[in-house]
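Fair warning: this is a prediction, and the values are worked out from it, not measured in the lab. Whatever order the structure lists them in is the order used to number ligands and atoms, beginning at 1.
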Amino acid sequence: MSDDHASHAISAYGSRINSTPNIDRIAKEGVRLDNCFCTNSICTPSRAAILTGQYSHKNGVYTLNDALDPKRMTIPKYLQLGGYETAMIGKWHLVSEPQGFDFWRVLPGQGVYYDPEFIESSGRRKYQGYCTDLITDFSIDWLKNRNVEKPFFLMCHHKAPHRAWDPAPKYKDFLKDVSVPEPDNLYEKLNGRAKTVQQVKMRVGEDTTERDLKMKPPEGLSGDGLRKWAYQLYIKDYLRCVQSVDDSVGRILDHLDNNNLRENTLVVYTSDQGFFLGDHGLFDKRLMYEESLRMPFLARYPKEIKAGSRNSDIIMNVDFAPTFLDYAGLGRDQNMQGESMRTNLQGRTAESWRQSMYYRYWMHNSDDHHVPGHYGVRTKQNKLICYYNKALNMKGAQPPDAPPEWEFYDLKKDPREMKNSIADPREATTIATLKRELTRLQHKFGDEPAHF
Ligand code: CA
């Protein structure tokens, strides 16, 4: 898993801006999921959802500051009990110490790219080198030295390509002399969207910092000119960080393939959420728009998964844990809210498989990106989002309440989500159906509506 790696920066997903030959190997030799979504598009909560198979309101990790309760059942704990040797290496970011791992070596909080410190059960230590390379070295060392009598479960979690996008020295000049293609909506001003969305501080240029871009903007640059200039700087550093992640995937696949582990190992590549790559003029994630909501998910398991296959079922990050339990032959935990996607990955989707997904972001205007709390429903064709304009389950100052605001997008007609059609009378029936579906999903997953 990587951090903030959007699928549209992976060539197997048709990236226009980079090439990831090693990550593509998993797609070529396995399956690509085209509709895999996170249930809360931010680091800590998505990681908690992956480990527990539960939504934020169920697992208690709503925001970046919430700790994962060490007593809670998680996928590594189950696998460990089931006889697996387990390890967690890299970015953890769940405040509390990792549990359920025979070995763990994690970055403190967010960690740093150059000469990072890591924490393990014996204490803290600083290592010389580049974070992505070190996490890869540690992972391969663990694979080499593990107990070969046992099956294994390794979570290799990169910090990259998270902000502030510090590249490896060897990729410092990568893409230096090229102009990275801009997204078609880089100069969008967010007009026509919910008012609360127009306030977000994730605009390329306006909200990227000197730390992000590693230099000050030229004197007098503003507006679209500033955005154009900032886009090239941040996207190049982002893609340089991705390049090291791609190298890492290649090294780990080579290790598995050269050690007779290819046929019998399920390999997954994913990221904790997506990322805006200048889409809608934005960077970062959090919002329920496609670029942020969508997770890359590629899986290789030659025994069961057909090489080069594609799947467009609606899959969620809370499905990962039940899926791993299924593969390990450990049954299912009724407290997990996701479903095993094992048969989906084989190309045999159950007729009863879900037709919609529920999303909720909780960090209401609470940090410098100023993104409102919201929830919504996405089907294969449509998306309905409610910004309920209230701070809930959040500590600290609470802004005054305002009426809820809604957005609706027809993803077939408007895949880039450029026109909020909430007031279009021709969509009224569809919107009413989606509102009922939203209520149904909140009830099903045990979440509380906030828009009344
Ligand atoms: Ca993240």
Side-chain angles (χ1 to χ4, degrees), residues 1-10 13 20 23 36-52 55-56 59 61-68 88-95 98 106-113 116 131-132 135 155-167 200-202 204 207-208 211-212 234-235 237-242 244-246 248-249 268-279 282-298 316-318 320 359-363 366-371:
M1 186 157 90
S2 53
D3 193 347
D4 294 3
H5 190 185
S7 51
H8 53 317
I10 295 176
Y13 276 96
T20 49
I23 296 171
C36 181
F37 303 117
C38 59
T39 49
N40 182 354
S41 182
I42 192 145
C43 303
T44 306
S46 179
R47 284 152 203 273
I50 288 169
L51 288 163
T52 61
Y55 273 88
S56 304
N59 66 33
V61 181
Y62 299 85
T63 74
L64 291 175
N65 311 312
D66 296 321
L68 179 65
M88 163 72 223
I89 295 167
K91 179 167 163 174
W92 172 249
H93 206 196
L94 284 155
V95 187
V106 301
L107 295 163
Q110 204 57 257
V112 296
Y113 278 102
C131 196
T132 306
I135 290 169
M155 302 188 100
C156 169
H157 284 192
H158 288 296
K159 167 193 172 53
H162 193 280
R163 198 183 187 192
W165 316 299
D166 295 322
V200 303
K201 299 202 181 309
M202 308 198 298
V204 175
D207 302 314
T208 38
R211 171 68 183 91
D212 294 332
Y234 108 90
I235 202 71
D237 274 346
Y238 178 91
L239 295 175
R240 287 164 183 147
C241 292
V242 167
S244 289
V245 173
D246 189 64
S248 166
V249 171
V268 170
Y269 180 79
T270 187
S271 173
D272 56 351
Q273 6 69 206
F275 207 73
F276 294 108
L277 303 177
D279 313 281
L282 303 174
F283 66 98
D284 215 77
K285 55 265 183 178
R286 299 155 193 264
L287 292 166
M288 199 191 161
Y289 300 141
E290 291 295 276
E291 297 82 1
S292 153
L293 180 68
R294 184 181 303 283
M295 307 167 83
F297 190 105
L298 305 164
M316 307 190 289
N317 58 355
V318 290
F320 298 5
Y359 176 86
R360 185 161 188 177
Y361 175 80
W362 288 85
M363 292 183 64
S366 67
D367 65 6
D368 54 1
H369 289 310
H370 220 263
V371 174

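The existence of a salt bridge linking D368 and K201 is excluded, since no basic side-chain nitrogen approaches an acidic carboxylate oxygen closer than 4.0 Å. In this structure, D367 pairs ionically with R286, as a charged nitrogen and a carboxylate oxygen lie closer than 4.0 Å.
Around the Ca ion (ligand 1), the protein contributes the following N, O or S atoms at distances under 3.0 Å: D3 OD1, D4 OD1, C43 SG, D272 OD1, D272 OD2, Q273 OE1.
Side-chain contact between H5 and Y238 is present, with at least one heavy-atom pair separated by less than 4.5 Å. In this structure, the side chains of V95 and D66 stay at 4.5 Å or more apart for every pair of heavy atoms.
A search for side chain to side chain contact (heavy atoms under 4.5 Å, CB included) contacts involving H157 returns M1, R47, M88, M155, not counting sequence neighbours.
The backbone N or O of S41 lies less than 3.5 Å from a partner atom in the side chain of Y359, making a donor-acceptor pair.
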